[in-house]
S.K.: 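Here it is: the structure, laid out below.
No experiment lies behind these values; they were computed from the predicted model shown.
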Amino acid sequence: MMGEIDLYGVFVPSLALWMAVAFALSLPLRRLLTATGFYRLVWHRPLFDLALYVVLLGGVVTLAHRILQ
């Protein structure tokens, strides 16, 4: 996988791109969990949201690694 992405002469770490993708995926997922009432079962919502983001980030990076290689 590439270590960095050239964005108009500025080198940006590829992880920053994958973090933005994972964040964009987490927004509708969190909204869906709120609408279904799932958060009533969660003890610590910010901690759960962080764990959800980390899982999504791991999935995005793994998927990107498999696709780009």
Side-chain angles (χ1 to χ4, degrees):
M1 184 158 70
M2 299 182 321
E4 57 219 6
I5 299 167
D6 183 14
L7 204 65
Y8 299 108
V10 176
F11 289 107
V12 179
S14 59
L15 183 60
L17 176 66
W18 306 136
M19 289 173 69
V21 170
F23 182 72
L25 288 175
S26 73
L27 290 176
L29 186 57
R30 287 184 352 208
R31 199 169 265 199
L32 176 70
L33 291 175
T34 301
T36 59
F38 178 79
Y39 280 125
R40 287 183 290 133
L41 304 173
V42 173
W43 170 67
H44 198 276
R45 183 177 174 169
L47 188 60
F48 180 82
D49 287 341
L50 176 65
L52 180 67
Y53 174 73
V54 169
V55 168
L56 284 174
L57 180 60
V60 166
V61 169
T62 303
L63 186 63
H65 183 69
R66 289 181 190 256
I67 289 174
L68 294 177
Q69 286 217 356

S.K.: Please report the interatomic distance CG(Leu27) to CG(Leu32), rounded to the nearest 0.5 Å.
M.R.: 12.5 Å

S.K.: Rounded to the nearest 0.5 Å, how far apart are CG of Leu57 and CG of Leu50?
M.R.: 10.5 Å

S.K.: Decide yes or no for Leu33 and Leu52: does some side-chain heavy atom of the first lie under 4.5 Å from some side-chain heavy atom of the second?
M.R.: yes

S.K.: Is it true that Phe23 and Val61 fall in one hydrophobic cluster, defined by side-chain heavy atoms closer than 4.5 Å?
M.R.: yes

S.K.: In Å, rounded to the nearest 0.5 Å, how long is the span from CZ of Arg45 to OG1 of Thr34?
M.R.: 4.0 Å

S.K.: Locate the shortest heavy-atom distance separating Leu68 from Trp18; write the atom from each residue and the value.
M.R.: CD1-CZ2, 4.0 Å

S.K.: Closest approach of Ala16 and Val12, non-hydrogen atoms and distance?
M.R.: CB-CG1, 3.9 Å

S.K.: Can you get from Leu25 to Val54 by hopping between Ile, Leu, Val, Met, Phe, Trp and Tyr side chains that sit under 4.5 Å apart?
M.R.: no

S.K.: Under 30°, 30 to 60°, or over 60°: which ring-plane class applies to Phe48 and Phe38, parallel, tilted or perpendicular?
M.R.: tilted

S.K.: Starting from Leu56, can I reach Leu47 by hopping between I/L/V/M/F/W/Y residues whose side chains sit under 4.5 Å apart?
M.R.: no

S.K.: Under a single-linkage definition using a 4.5 Å side-chain heavy-atom cutoff for Ile, Leu, Val, Met, Phe, Trp and Tyr, are Val42 and Val55 assigned to the same hydrophobic cluster?
M.R.: no

S.K.: Can you tell me how far the CZ atom of Arg30 sits from the OH atom of Tyr39, to the nearest 0.5 Å?
M.R.: 6.0 Å

S.K.: When rounded to the nearest 0.5 angstrom, what is the spacing between CG in Asp49 and NE2 in His44?
M.R.: 10.5 Å

